[in-house]
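On a predicted model such as this, the values are computed, not experimentally measured, just so you know. The first residue in the sequence is number 1, and the count goes up from there.
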Amino acid sequence: MAFIVTSRYPVQYEESLNTVIIQEAIRYNKLLIVIKSSLNELLKALKGLVVMSESLEKMTLSLFSNIVPTMWASKAYPSLKPLAAWVTDLKARVAFLNTWVDNGIPPVFWISGFYFPQAFLTGTLQNFARKYVVSIDGISFSFKVLPTPPVKKPSDGCCIYGLFIEGARWNYTKAILDESNPKELYTDMPVVWLVPEENHKRPDGVYECPVYKTLTRAGTLSTTGHSTNYVLAIEVPSQKSEPHWIKRGVALICALDY
Ligand SMILES: *[C@@H]1O[C@H](CO)[C@@H](O)[C@H](O)[C@H]1NC(C)=O
């Protein structure tokens, strides 16, 4: 897939997202290759054609227990999903990239589909910096929550969907963060438009809501200096003070554990 991607989306000064999709395709391909080759090995071992190694035996145990084999998880993005849901999620991620490859840059991005969402966010900022010939260091995102998904890609910034709100919900009538209904742990966050802005100042009446890849709040710093789990903070309109939501641990999550 990476070859097709590179020919259709060549590295371009004006479109940093071409680099993003190439990198994403390479990462997912590596994972798919590990899955395919280990399953082939396992099939051979089960047929008695090769010796069942310790790592294959561990993998078999995981497969029977609905656990993602370590061999796969170590090549994958963070995820807390059990194996069956993990596979469904992986297929959706690959489908997201394939749709992008076939149809061009989508009007709305499934943020949960990125192996490495930080690179996508940086690419979006970089597009803005190059278009308006400004330094990327002075740019950050402002945020607009959209009641309905846009049909066209905005001329600046990008729209994302797929986030879940943990511990609160979006009030569509008032367009603010609101209390969850009883027994409702996770709710859907509407599309958010990330709008690059120079010298962005945090507006009043927002909760700076952290976005995490998984429900594990803590992340470790990777070699690239990015957290393995924290993605960014989104300023969500709210009439309540920040401590109100902080006390409830309200966060946005890219992928749940089921
Ligand atoms: C939105 O908030 C208003 C005022 O607090 C409330 O009356 C209404 O039920 C909420 N609507 C939804 C859809 O949550």
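Looking only at distances, no side-chain donor or acceptor of Lys153 sits under 3.5 Å from a matching main-chain atom of Val108. Of the possible donor and acceptor atoms, none in the side chain of Asn171 sits under 3.5 Å from a partner among the backbone N and O of Asp178. Counting only distance, with no hydrogens or angles, the side chain of Arg248 and the backbone of His244 share a donor-acceptor pair below 3.5 Å. A donor-acceptor contact shorter than 3.5 Å links the side chain of Asn66 to the backbone of Ala84. A donor-acceptor pair under 3.5 Å is formed between the side chain of Ser112 and the backbone N or O of Gly162.
Val50 and Leu63 fall into different hydrophobic clusters, defined by Ile, Leu, Val, Met, Phe, Trp and Tyr side-chain heavy atoms under 4.5 Å apart, directly or through other members. Clustering ILVMFWY residues whenever any of their side-chain heavy atoms sit less than 4.5 angstrom apart, transitively, puts Tyr161 in the very cluster that holds Val192. Put simply, Met52 and Leu43 are part of two different groups of oily side chains (I, L, V, M, F, W, Y) that touch within less than 4.5 Å, one to the next. Both Val231 and Ile246 belong to a common hydrophobic cluster when Ile, Leu, Val, Met, Phe, Trp and Tyr are linked at side-chain heavy-atom distances under 4.5 angstrom. By the rule that hydrophobic residues join a cluster once side-chain heavy atoms approach within less than 4.5 Å of another member, Ile253 and Tyr258 end up as members of one cluster.
Listed here is the closest heavy atom pair of Pro107 and Pro154: O-CD, 4.1 Å. Considering every non-hydrogen atom in both Trp100 and Ile105, the closest pair reads NE1-CG1, 3.6 Å.
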**Message:** Before you tell me yes or no, could you show the steps for Phe116 and Tyr77 under ring pair (Phe, Tyr, Trp, His ring centres under 6.0 Å), namely the whole-Å CA-CA distance, both residues' side-chain angles and the distance that decides it to 0.1 Å?
**Reply:** CA-CA 8 Å; Phe116 195 49; Tyr77 39 84; over 10 Å; no
**Message:** Test side chain to side chain contact (heavy atoms under 4.5 Å, CB included) on Leu215 and Glu166; report intermediate values, then the result.
**Reply:** CA-CA 9 Å; Leu215 292 165; Glu166 184 182 8; 3.7 Å; yes
**Prompt:** Could you walk me through whether Leu17 and Phe109 pass the side chain to side chain contact (heavy atoms under 4.5 Å, CB included) check?
**Reply:** CA-CA 11 Å; Leu17 294 187; Phe109 295 89; 3.7 Å; yes
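Pairs of residues two or more places apart, or lying in two chains, that qualify as salt bridge (charged side-chain N to carboxylate O under 4.0 Å, His left out) and include a residue from residues 21-30 are Glu24-Arg27.
By the neighbour-count criterion of 12 heavy atoms within 6.0 Å, atom NZ of Lys75 is sparsely surrounded, having that number or fewer from other residues, nucleotides or ligands.
Judged purely by distance below 3.5 Å, without hydrogens or angles, the side chains of Tyr132 and Asp156 pair a donor atom with an acceptor atom. With hydrogens and angles left out, the side-chain atoms of Tyr28 and Arg93 include a donor and acceptor closer than 3.5 Å. Between the side chains of Glu15 and Asn127, at least one donor N or O lies within less than 3.5 Å of an accepting N or O. Side-chain contact, Trp72 with Ser38: a donor N or O sits under 3.5 Å from an acceptor N or O. When only modelled atom types and interatomic distance are considered, Glu235 and His200 share a side-chain donor-acceptor pair under 3.5 Å.
Ring pair Tyr230/Tyr212 is perpendicular by interplanar angle, where above 60° counts as perpendicular and below 30° as parallel. The aromatic rings of Phe114 and Phe96 sit perpendicular to each other, their planes meeting at more than 60°, with 30° as the lower class boundary.
Classification of Arg8 and Asp102 as a salt-bridged pair holds, one side-chain N sitting under 4.0 Å from a carboxylate O.
Because its NZ or CZ atom is both nearer than 6.0 Å to the ring centre of Trp193 and within 45° of the ring axis, Lys144 counts as a cation-pi partner of that residue.
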